[in-house]
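As structure tokens, the structure follows; a few thoughts come after it.
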Protein chains: 2
Amino acid sequence: MSKGRVTVIDIAKAAGVSKSTVSLVLQGSPLVNEGTRSKVNAAMRELGYVYNRGAANLRQTSAKSKIIGVVVNDLTNSFFAELAVGVDMVVQSAGFVQFLSNTSESIDRQREVIASMREHGISGLIVSPARATEAADFKPLVAADIPVVVVVRSLPGAKVSSIVSDNQDGTSAAVEHLASLGHARIAFLGGFPDTAVFEERLAGYMDGMNAAGFSFHEELVVSSAPSRAGGADAIGRAMAMSNRPTAAVCFNDAVAFGVCDGLRARHMEPGRDFAVVGFDDVIEAQTAVPALTTISVDPQSMGRRAAQLLLKQINAGKAEPESVTTAVRLVIRESCGAAQKTGRKMA
Amino acid sequence: MSKGRVTVIDIAKAAGVSKSTVSLVLQGSPLVNEGTRSKVNAAMRELGYVYNRGAANLRQTSAKSKIIGVVVNDLTNSFFAELAVGVDMVVQSAGFVQFLSNTSESIDRQREVIASMREHGISGLIVSPARATEAADFKPLVAADIPVVVVVRSLPGAKVSSIVSDNQDGTSAAVEHLASLGHARIAFLGGFPDTAVFEERLAGYMDGMNAAGFSFHEELVVSSAPSRAGGADAIGRAMAMSNRPTAAVCFNDAVAFGVCDGLRARHMEPGRDFAVVGFDDVIEAQTAVPALTTISVDPQSMGRRAAQLLLKQINAGKAEPESVTTAVRLVIRESCGAAQKTGRKMA
DNA sequence: CTGTTAGCGCATTCAC
DNA sequence: GTGAATGCGCTAACAG
């Protein structure tokens, strides 16, 4: 029972057939007699046979390894955990398995794990790039015809598919929403200017201000770490200004949390004394601060869509050099004070 | 460049050496001339060679696949996400990659993913078992000499290593703590009685009650879903009792959250009008409700320890049939009202 | 329908 | 030091 690995030849012997017959039942080929099939299956169960995919896709023409790589920049952030869950769902039901790695925003780590994944013969990759990732990083992948889907953060000029939330429209809508509530001095708080996401959301902010007929004041944009602490810091600086804002759209919900913290520390009630809106990057936010308007994108469905897209490309065989950008729906939830307005959907 | 896969033979040709020479440099053998080595490396870079681990460990004696499987019962729960991050850390730096799968508490899913992982030749497995997992489920693994480390939830009589928090001592200490605060009617809220964790924590609760000189009242144990909603439900039922409790230790922090919700809905202030303690299963809790005493275990370090244990066993070669149970440190954080007491460590 | 014959890409003896 | 064989477990063509 413990004498080495049991192989097709063992079970062939036990079932009194030949190896290739076994191979056929393994692949569920209809070319095999029902009686033989069950005999083979019985033998497999008997001997505790386990299929060796390594050997299989060594022989197979290309890398139908049934494994897809997933790398995220911060698994600690529930958004990405949820995303991974979404990916896992469709990946599992398609009979694939998921290589999941966390880069913690380290570009070196990212290179390492991707290299490692390649060595293991992944047949596709879903990646939420670490900061400072360049398009060139995925060059070898596409050259090897390995489909890549970039999520959450768009990548400058990479020839890969991508799924990102509609940052610009979302933020813009948030600003318009605040304007419709009567706010005029609306700040943009949090986030570091070195990411595409920041730029997109900032652009949306400017769009929204424009659309509402307000002029752009650079001072109203105060950047900080995209975290709770960062938010507290940002609101602190905003409130130190001579002409204080009365509302803010935050880079993400972690920042929005921090902003709420900061407001309360100043004896102000978020949503009443100061309106705050944030992108739902950290899903936990949805439950933790109901009195907060947020722009949200469901990470799980985003993950599912990414996986679906990837599988489609894998099955298609040829990786289309075209970059497919799919926007996800954004929804503004209203829950401060009044009745919950049914989510307004966009894009 | 895109003509199939580039193999050792290709780069051997390009470097003007033989395949086995290439193989030697691949393994960093000192038996190869420095000049040749660099020539080979150059050729590898030139042709974009990627090492094929599948082929490699097909040849190698057994499954030194450099891949370890991680399966958790709920990746949506930040605790497990953090755990996975901890695992990933040590796994990555040991040159392994991580197969991560989420079972969503489905025993069938769990069987599937573990089977799938076996097919891919994992050299070890870390698993937080889904509910209703039986010891027998890991029988084939240990029979195949694949080390298994069970985390978070202990498994009845499985011959595998495990790392669990010291549930009993932790809960017991929590009860004693509440007793020292003057509470006498202390409830145990939340959780389903069908898990070992529940039993352990309940046992700790009873220990604590005993130690404090209180008799056990079954009515003070009200079970519910181990979630926020479940907590709200549980406190509702507790407050409906004729002789209300004045404090509670909760199955986990999600429940504790719900309990706080329920208290506030009844115009009571958690920590002041009613003391509540919960296990930190969901890490997010630590930041979201500071005014809550919790019994916590750091999921990341737990993940790291699990990975270390697993790697040790993998390197040891022979999987010890002995079950190694390692308790992690528990710490009670005090933050309701008074100054933060430095964490009291146990076990 | 089933058995036979070749390799997939690599690592491991051995000779040279 | 390096090159020529051999086989890991499996699938792909063919042959029976």
Side-chain angles (χ1 to χ4, degrees), chain A residues 3-41 43-44 47-67 116 118-123 144, chain B residues 3-41 43-44 47-67 116 118-123 144:
Chain A
K3 40 147 50 240
R5 200 168 170 65
V6 32
T7 97
V8 273
I9 193 166
D10 292 319
I11 83 107
K13 209 170 297 176
V17 296
S18 106
K19 325 137 193 219
S20 41
T21 307
V22 177
S23 183
L24 286 182
V25 318
L26 245 35
Q27 310 170 67
S29 166
L31 301 173
V32 62
N33 194 345
E34 197 48 54
T36 349
R37 176 192 304 284
S38 51
K39 251 200 322 198
V40 169
N41 281 324
M44 298 203 314
L47 305 191
Y49 170 74
V50 301
Y51 184 76
N52 186 336
R53 277 180 199 280
N57 62 262
L58 178 58
R59 188 64 185 83
Q60 245 148 185
T61 40
S62 61
K64 302 175 48 273
S65 62
K66 288 296 193 180
I67 111 180
S116 175
R118 282 208 65 190
E119 294 186 355
H120 282 282
I122 54 171
S123 41
Chain B
K3 42 143 56 231
R5 199 167 170 64
V6 31
T7 96
V8 273
I9 193 165
D10 292 319
I11 82 109
K13 209 169 300 175
V17 296
S18 105
K19 325 136 194 222
S20 40
T21 308
V22 178
S23 185
L24 287 182
V25 317
L26 245 33
Q27 309 168 66
S29 167
L31 301 174
V32 63
N33 196 342
E34 196 49 54
T36 358
R37 176 191 305 282
S38 51
K39 253 200 321 201
V40 169
N41 281 324
M44 298 203 313
L47 305 191
Y49 170 76
V50 302
Y51 185 77
N52 186 337
R53 277 179 199 281
N57 62 259
L58 179 57
R59 184 66 184 83
Q60 249 148 183
T61 41
S62 60
K64 303 176 48 277
S65 62
K66 287 297 193 179
I67 109 182
S116 174
R118 282 208 65 189
E119 294 185 355
H120 282 282
I122 53 171
S123 42

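Just so it is clear: chains get the letters A, B, ... in the order the sequence lines come, proteins before strands, and each one is counted from 1.
Interface residues of residues 24-32 of chain B facing DNA chain D, ordered by number: B/Leu31, B/Val32; criterion, heavy-atom separation under 4.0 Å.
Counting non-hydrogen atoms under 4.0 angstrom, B/Val22 reaches nothing in the nucleic acid.
Computed from coordinates, the B/Ile9 CD1 to D/dT2 C1' distance equals 15 Å when rounded to whole Å. Summarising the geometry, the separation between CG on A/Asn57 and P on D/dA12 is reported as 11 Å, rounded to the nearest angstrom. If you measure from atom CG of A/Asn33 to atom P of C/dT2, you get 5 Å, rounded to the nearest angstrom.
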List the atom pairs, donor and acceptor, that lie under 3.5 Å between side-chain atoms in residues 14-25 of chain A and the rest of the protein, sequence neighbours left out.
from: A/Ser18; atom 1: OG; to: A/Ser20; atom 2: N; distance (Å): 3.3
from: A/Ser18; atom 1: OG; to: A/Ser20; atom 2: OG; distance (Å): 3.1
from: A/Ser23; atom 1: OG; to: A/Gln27; atom 2: NE2; distance (Å): 3.2

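Qualifying salt bridge (Lys or Arg N to Asp or Glu O under 4.0 Å) partners for A/Arg37, counting only residues two or more places apart in sequence or in other chains: A/Glu34. Taking the salt bridge (Lys or Arg N to Asp or Glu O under 4.0 Å) definition, one finds that A/Arg53 meets it with B/Glu119, sequence neighbours left out.
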Hey, what are the protein-to-nucleotides 4-6 of chain C N/O distances that come in under 3.5 Å?
from: C/dT4; atom 1: O4; to: A/Ser20; atom 2: OG; distance (Å): 3.0

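Taking side-chain N and O atoms only, B/Thr36 has no distance below 4.0 Å to OP1 or OP2 of D/dG1.
The listed nucleotides are C/dG9, D/dC10, C/dG3; the one nearest the side chain of B/Leu58 is C/dG9.
Secondary-structure annotation of DNA chain C gives the stems C:6-16 with D:1-11, with a stem taken as at least 3 successive Watson-Crick or G-U pairs whose two distances both fall under 3.5 Å.
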